[in-house]
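Below you'll find the structure, written out as structure tokens, and then a few comments.
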Amino acid sequence: MPPRVINPAPSHPAEHLKGLPTTAHVPSPLRDLSESLTPYVAKADLVLSRIPLLRTLEAHSQVPKTYIALAAYLAVTFCLFTRTAAPFVSTVVVGLAWPLAAALAAVAESDARRMRQWLLYLAAFAVVAAVDLASGVLVRVVPLYYVVKSLLLVWLYHPHTKGASVVFDAIEPVIAPLLSSNPAASKDTKDTKKTQ
């Protein structure tokens with residue numbers, strides 16, 4: 001079997017779009033839509049270039065990473081809205097796959113700040129999973145339960161929202177005395193936190 005030749009990454013973010021058929025035969029409204037989306041596709045391609053997995057998939061499949069990401073997004077959305085494998089998607093794909101990979105990367109890089117964030121997220125995830133297991137009623141009562149659960153999990157772990165830290169900071173004054181066997185130690189922790 002001859003060795004597979006992998007094309008190098010395009011030098012321009014939208015270079016892979018050059019080989020696609022022209023839009024001359026497409027009706028005017030669709031052509032206008034396609035042309036108006038081209039800059040956004042190029043920007044998305046640039047952002048997605050930061051993800052090593054997508055770069056590898058693009059190199060091996062010869063499918064642009066923008067299309068791979070869009071297909072994955074649509075598959076997850078379809079599963080969540082139709083409840084086709086929704087428990088698996090919301091718990092394993094959304095709730096565990098990315099956070100565990102990011103947590104392991106933080107540990108490998110010895111990044112204490114990111115490790116703290118992921119530890120707090122995994123503790124919050126454990127609470128969400130326990131509530132999920134204990135209350136099957138929620139699935140029947142809450143409309144779009146798995147969508148809401150997935151959005152909550154993303155809010156908890158997303159680097160811009162840091163929801164797990166927000167929740168922990170809100171409940172820390174209540175749980176710190178319960179977790180500490182030495183009341184003076186919990187007071188010292190609060191004082192230290194105030195000075196930071």
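Residues satisfying the side-chain contact (heavy atoms from CB on, under 4.5 Å) test with Thr56, not counting sequence neighbours, are His60. Applying the side-chain contact (heavy atoms from CB on, under 4.5 Å) rule to Leu119 yields no partners; only residues at least two apart in sequence or on another chain are considered. Leu100 is linked by a side-chain contact (heavy atoms from CB on, under 4.5 Å) to Leu96, Leu122, counting only residues two or more places apart in sequence or in another chain. Residues passing the side-chain contact (heavy atoms from CB on, under 4.5 Å) test with Val148, sequence neighbours excluded: none. For Ser165, the side-chain hydrogen bond (donor to acceptor under 3.5 Å, both in side chains) criterion is met by Gln117, not counting sequence neighbours.
With contacts defined as side-chain heavy-atom distances shorter than 4.5 Å, the pair Phe78/Val89 does not qualify. A heavy-atom distance below 4.5 Å is found between the side chains of Leu153 and Leu156.
Applying the salt bridge (Lys or Arg N to Asp or Glu O under 4.0 Å) rule to pairs touching residues 84-108 yields nothing, sequence neighbours excluded. For residues 87-97, there are no salt bridge (Lys or Arg N to Asp or Glu O under 4.0 Å) pairs, not counting sequence neighbours. The list of side chain to side chain donor-acceptor pair (under 3.5 Å) pairs with a residue in residues 142-153, not counting sequence neighbours, reads Thr91-Lys149, Asp132-Tyr145, Asp132-Lys149. Listed by first and then second residue, the salt bridge (Lys or Arg N to Asp or Glu O under 4.0 Å) pairs that reach into residues 89-105 come to none, sequence neighbours excluded.
What you find for Asp169 and Arg116 is that their closest heavy atoms are OD1-NH2, 4.0 Å. For the residue pair Val93 and Val76, the shortest heavy atom distance occurs at CG1-CG2, 4.3 Å. Summarising the geometry of Glu58 relative to Asp45, their closest heavy-atom pair is OE2-OD1, 4.4 Å, with the distance given to 0.1 Å. Closest heavy-atom contact between Leu54 and Leu48: CD1-CD2, 3.6 Å. The two atoms that bring Arg55 and Ser49 nearest to each other are NH1-O, 2.5 Å, heavy atoms only.
With hydrophobic clusters built from ILVMFWY side chains whose heavy atoms lie under 4.5 angstrom apart, Val147 shares a cluster with Val94. Using a 4.5 Å cut-off between side-chain heavy atoms of Ile, Leu, Val, Met, Phe, Trp and Tyr, with links allowed through other members, Leu80 and Trp98 fall into the same hydrophobic cluster. Each of Val154 and Val47 belongs to its own hydrophobic cluster when Ile, Leu, Val, Met, Phe, Trp and Tyr are linked at side-chain heavy-atom distances under 4.5 angstrom.
In this structure, Tyr157 and Trp118 have tilted ring planes: the angle between them lies in the 30° to 60° band.
Other cluster members for Tyr73: Leu70, Leu74, joined by side-chain heavy-atom distances under 4.5 Å among Ile, Leu, Val, Met, Phe, Trp and Tyr. As a member of the Ile/Leu/Val/Met/Phe/Trp/Tyr network built from side-chain separations under 4.5 Å, Leu133 groups with nothing else and remains a singleton.
To the nearest 0.5 Å, atom CD of residue Glu172 and atom CG of residue Leu120 are 9.0 Å apart.
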Side chains of residues 104-114: which donor-acceptor partners sit under 3.5 Å, not counting sequence neighbours?
unit_1 : atom_1 : unit_2 : atom_2 : d
Glu109 : OE1    : Arg114 : NH1    : 2.6
Asp111 : OD1    : Arg113 : N      : 3.3
Asp111 : OD1    : Arg114 : N      : 3.4

